[in-house]
Each structure stands twice: as C-alpha cells, then as structure tokens.
Amino acid sequence: MTTRYQAPRGTQDVLPEMQPYWQAVLDQAREVARLHGYHRLDTPMFEQAGVFEKGSGDTTDIVEKEMYTFTDRGEEHLALTPEWTPASCRAYLEHGMASWPQPVRLWTTHPMFRYDRPQKGRYRQHTQFGCEVIGSEDALVDAEVIGILWALYGRLGIRDVVVRLGSIDDHGPRRDYVQRLQDYYRPHLEKLSEDSKRRFERNPLRLLDSKDERDQPFKDAAPKLVDMLSPGAQAHHETVMAALQSAGIAFEIDPLLVRGLDYYNRTVFEIVPTEDERAQSTIGGGGRYDGLIEILGGPPTPGIGFGSGIERIILEMQKNGVSFDAAASADVYIVHRAEGSQPVAFRMAAELRKRGLSTVIGESGRSFKAQMRAANASGAQQAIIIGDDEMASGTAVLKPLRGDAEQRKVPFERVAGELGAGA
RNA sequence: GCAGCUGUAGCUCAGUUGGUUUAGAGCGCUGGUCUGUGGAACCAGAGGUCGGUGGUUCAAAUCCACCCAGCUGUACCA
C-alpha cells in the first residue's frame, strides 16, 4: 500500500467549482483598485526574514510563532510572506518610489503563510487582497482605503458588514497612555487571567482586548485611549469619521480595538460581518503605519493599508447566498466514430477554436451514445456528428443540443464557418 | 499554543449488545438495454486494507492507547 499524499495541513486545493468565486473576487478587486487610482505591485513569495522581524515587530505573534522561516543553500535567512505591508514598504524603498509622485497607491493579491492552527476561514496558506498608500498622512486617505473594502464587499454581494474603527494615537503620546493603563491595572494584577498578566508586561494595550471572564470587570472602568487622544490624532480621527459618514459607510467606534502589529498608529480598523461572532470572521483589517518605513531604514514616511482574506470573503459571499451557474465546458462537442474520423475531428476542432469556439472532441473509442451523453453533460450548444455515412459523404451532422432547431448536414470544410459566423 | 467534538466508497450517510465467510444504500462515474443520436427509465460494473499504527479478544468498522486530519471554541489573525 502506497501512502496517499494529501495537501499539507492548513492548505487547500481550489477546485474548478470554486473558481467562479475566485474569479469574481479577483475581477472586482482589480476593478475597485483601478477606480481608486491604485497601481499593481507584485512582490516575491518570500523575503529576507528581517523585513518582517524588524518591520512587523519581533514580539508580534506573527513573527514570534507563525512565520515560516528557512535558510537556503546560500545561508540566507528567509521567510515566506506572512503579511504584505512590510514587503510593500521594502519595495517602496528599494525602487526609490519616494521619487514618484506622492503618495504612491499600491495594490496586490498575494499568498500569505502563517504557521497557526487551521480552522474554517483560517489557513496556513491564504491569499490577501492588499492596498497600501505610502507618502500621505492625510486622514482622507484613511477613509479612502476603508472605502475600497466597502466598495469591494458591496460589489460582491456581501451585505451586513460593519467597519470597526479605532485610533491608537501616535507612538509618543501612547506611551503616556500605556503608563496610565498599567497604573490602573497594577492593583488588580493578581485577579487577572494568566494571559492578561503576561499582556501587562509585554503588550498592555491588549489587556483591553481580553475575552477572559476574569478580566471583564476591569475593562469598563479602564481608561480608554480614544477618550484621550493627543490633539493631532484626535483631529485626524474626526476627519476619518466625518468622511466615512458622508459616504454612507457604516462604522462603529471600537475603543477596545487593538491590532496585533507593532507598527500601527492612529487609525486602525477591521471589517466584520454584523451577525457573526466567530473568532476568525474578520474579513478585512488594517491601519496606519507612519513609522514603518523608518524602521526599515528609510526616511520618515507615513503610510496606511489593509489586507483582506479572499478565502474569508468567499465564505461571506456564500453566506450571503451568492452563487454561480455551472459554466459550460465547451461551446461545441464533436462526436465521432468511424474509420479515419480522428484526423477529421482533430482538424475541425482546430478550425473552430481559431474562430473562438471552445471545442471538445469525444473519446474515439466510445459508443455514439456515450459520446452524446458527454456532449450533453458538457453544456455545449452544438454537437457535431461524424460517423461512417458522414465520412463517406464528406458532410458532418450539426445537431443543436439546447433549442428546438433541427439537425442539418454541412460539408466538413464549411462547418467552422457556419458555427463561427454565428458566434 | 490550550480545550472539546468528529473521521465507513469521489460526495451524503446506514451498519443493531464486538460474531454468517466477498462491509451496504443513494447520488456521481463507466458500460449495456439502443455495434448511428444526449436529457428519461431499467440493468450491470468499477470504486473501501471502515483515517493510521499498536493493543485487548477465539473474533474488532464496533472496545482501549497513541498518532494524523477536519470541525468548534479560545489565544491570535485575513
């Protein structure tokens, strides 16, 4: 018994029946990006690991526990892309995009790799639609990228989603806030969950994000960052909200929204289904990262962007009842069974394809009945029948498979012209 | 990472308190009834070491242990 191979844990095959969903998402993503004036950028599947270790932050879960890293034969320390933002910033610096007209608006669809526990909507390899705007600190750009996702989901038939919006201020003022937060929690430290005790030291902001029962009593009275933003961040936040409001984008302020990446400042957001309480239901999320380019060795340069998981978008589409008719696998199906019919069928198929008709040739050895069944199942509009009589007379039978039209005889050399003309 | 649930043909599932040698059904697939005409019907066939390994037993799909995979929640995140 040979072992049966299977797709690696957390990866999946996208079967033909699912391709219409992918095609729809990819098409609409491209269109929405175009409508907003974004340029496509593709980056490699893997990068020097430092891009993420420095860029994403080496205490983040993504880098600490989830990154696929490896050393190649040349002793280079590499990582499969776990998120796109640092990669796009690396490309921005490497290609001197600072000398392009600012800001630079970029988009992509890119596979992402994270070594975490697979579940529905959570995979070790998934694909994200991502947009980044580098070189602008305008709050209107924050609203713009949120608007891109909003437009995309709307075009794909996804209803009942809401933007969760927050601001986590700039890095400087945030230090003061974190101090206050720790002062608040310090007396209660013993009563907190184990996770939260750890958070207290390593990432105090996440204290507010806890879902543990024991931590709930302390959350309400805790100081909220959105209530004490620095003047600059406050004005920025208000501009974003006003813009979203004017565009009719449904959002709610989430004072507890803290995202897992170190580089975020000011605007952070997620888009979630209104009704769905699942842990991994977020379909898109992002935020501002004004310090990131500098961390990667560039000049101070503001930026903002998001990622949205295509697999999760498709799950939402299905929940919203979006479906696609099974596509016909051919326009024309050639049924043939006669001495010497193979070259005739083969050549006829080539002629038809030249005229743009997708054409499939039946299996030479099978009975007429079997081939006709296959022709019907293919969804083809027309069957072409070539048997002994046809070979003798040099004419093929054209049999419409869908309408009421009668079948007719057409000389071999005119078949492609007859069918192609109507196409 | 932690906790729980699940695992029998390609798919959806039956399988009685462990006990008849070749483990079943529907759908799908292939073929036939109809060696030249699809959609319907009928008939037949192929396809499973019952997730894997080891153990208990005269006997395991059924009981036990471990492993693998999927799902659910949680930590995180898209």
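Here is the naming used below: chain letters follow the sequence lines, and residue numbers restart at 1 for every chain.
Closest approach to the A/Arg312 side chain among B/G70, B/A78, B/U72 is made by B/A78 (side chain taken as heavy atoms from C-beta onward). When distances run from any side-chain atom of A/Arg117 to the nucleotides B/G1, B/U74, B/A78, the shortest one goes to B/G1.
In terms of modelled atom types and a separation under 3.5 Å, the side chain of A/Thr359 and the main chain of A/Leu357 share a donor-acceptor contact.
Using modelled atom types and a 3.5 Å distance limit, the side chains of A/Thr395 and A/Arg414 yield no donor-acceptor pair. A side-chain N or O of A/Thr267 and one of A/Asp142 form a donor-acceptor pair less than 3.5 Å apart. Counted by atom type alone, A/Thr43 and A/His110 present one or more donor-acceptor pairs between their side chains at under 3.5 Å. Counting only N and O atoms by type, the side chains of A/Thr85 and A/Glu132 include a donor and acceptor under 3.5 Å apart.
Residues of residues 23-50 of chain A having a heavy atom closer than 4.0 Å to RNA chain B: none are found. Only at 4.0 angstrom or more do the heavy atoms of residues 160-168 of chain A sit from any atom of RNA chain B, so none qualifies.
Following rounding to the nearest Å, A/Glu311 (CD) and B/G70 (P) show an atom-to-atom distance of 15 Å. When the P atom of B/A78 is taken as reference, atom CD of A/Glu316 falls 16 Å away, rounded to whole Å. Distance A/Arg124 CZ to B/A78 P: 17 Å, rounded to the nearest Å. Atom P of nucleotide B/C71 and atom CG of A/Asp116 are separated by 12 Å, given to the nearest angstrom. Taking atom CD of A/Gln6 as the reference point, atom P of B/G70 lies 8 Å away to the nearest angstrom. Between A/Tyr115 atom OH and B/C76 atom C1' the separation is 15 Å, expressed in whole Å. Rounded to a whole Å, the NE2 atom of A/His126 is 7 Å from the P atom of B/A78. Distance, A/Trp107 CH2 to B/A78 P: 19 Å, rounded to whole Å.
For the P atom pair drawn from B/U12 and B/U72, the interatomic distance equals 15 Å after rounding to whole Å. With C1' as the reference atom, B/G52 and B/C43 are 38 Å apart, rounded to whole Å. For B/A69 and B/C13, the P atoms lie 22 Å apart once the distance is rounded to whole Å. As rounded to the nearest Å, B/G28 and B/C71 have P atoms that lie 28 Å from one another. Look at the C1' atom in both B/A3 and B/G55: the space between them is 27 Å, to the nearest Å. Comparing B/G26 with B/C42, their P atoms are spaced 11 Å from each other, to the whole Å. Taking the C1' atoms as reference points, B/G15 lies 8 Å from B/A23, given to the whole Å. As rounded to the nearest Å, B/G10 and B/U30 have P atoms that lie 16 Å from one another.
Looking at heavy-atom distances under 4.0 Å, A/Gly362 makes no contact with the nucleic acid at all. Contact annotation for A/Arg366: backbone-only contact, meaning every heavy-atom pair under 4.0 Å involves sugar-phosphate atoms and none involves a base.
Within 3.5 Å, no donor on the side chain of A/Glu363 pairs with an acceptor on the base of B/U30, nor the reverse.
The side chain of A/Gln119 contributes an N or O atom lying less than 4.0 Å from OP1 or OP2 of B/G73.
For A/Asp169, the side-chain contact (heavy atoms from CB on, under 4.5 Å) test picks out A/Pro173, A/Leu225, A/Leu229, A/Ser230, A/Ala233, with sequence neighbours left out. With sequence neighbours left out, A/Tyr185 forms a ring pair (Phe, Tyr, Trp, His ring centres under 6.0 Å) with no residue at all. With sequence neighbours left out, A/Glu144 forms a salt bridge (charged side-chain N to carboxylate O under 4.0 Å, His left out) with A/Arg105. A/Phe251 meets the ring pair (Phe, Tyr, Trp, His ring centres under 6.0 Å) test with no other residue; sequence neighbours excluded. Applying the ring pair (Phe, Tyr, Trp, His ring centres under 6.0 Å) criterion to A/Phe70, with sequence neighbours excluded, gives A/Phe46. Partners of A/His77 by side-chain contact (heavy atoms from CB on, under 4.5 Å), not counting sequence neighbours, listed by chain and number: A/Ala49, A/Glu53, A/Thr69, A/Thr71.
Nearest-nucleotide mapping onto RNA chain B: of A/Gly10 and A/Tyr123, the residue sitting toward the 5' end is A/Gly10. Taking for each of A/Gly284 and A/Arg9 the nucleotide of RNA chain B with the nearest heavy atom, the 5'-most of the two is the partner of A/Arg9.
Under the side-chain hydrogen bond (donor to acceptor under 3.5 Å, both in side chains) criterion, the residue pairs touching residues 147-156 of chain A are A/Gln28-A/Arg155, A/Tyr153-A/Ser308, with sequence neighbours excluded.
Annotation: side chain of A/Val25 is in contact with side chain of A/Ile314 (closest heavy-atom distance under 4.5 Å). Side-chain atoms of A/Val178 and A/Gln182, non-hydrogen and from C-beta on, do get closer than 4.5 Å to each other.
Aromatic ring centres of A/Tyr115 and A/Tyr68: separated by under 6.0 Å.
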Original post:
Where does RNA chain B pair, written as one dot-bracket string 5' to 3', with Watson-Crick or G-U pairs under 3.5 Å, ( ) inside the strand, [ ] for crossing pairs and | for another strand?
Top reply: (((((((..((((.....[....)))).(((((.......))))).....(((((..]....))))))))))))....

All N/O donor-acceptor pairs, side-chain side in residues 327-338 of chain A, below 3.5 Å, sequence neighbours left out:
from: A/Ser329; atom 1: OG; to: A/Ser378; atom 2: O; distance (Å): 3.2
from: A/Asp331; atom 1: OD2; to: A/Ser358; atom 2: N; distance (Å): 2.9
from: A/Asp331; atom 1: OD2; to: A/Ser358; atom 2: OG; distance (Å): 3.3
from: A/His336; atom 1: ND1; to: A/Ser341; atom 2: OG; distance (Å): 2.8
from: A/His336; atom 1: NE2; to: A/Gly362; atom 2: O; distance (Å): 3.4
from: A/Arg337; atom 1: NH1; to: A/Gly365; atom 2: O; distance (Å): 3.0
from: A/Arg337; atom 1: NH1; to: A/Arg366; atom 2: O; distance (Å): 3.0

**OP:** At under 4.0 Å between heavy atoms, which parts of nucleotides 33-39 of chain B does protein reach? Answer with one letter per nucleotide, 5' to 3': B base, S sugar-phosphate only, - none.
**Re:** BBSBBBB

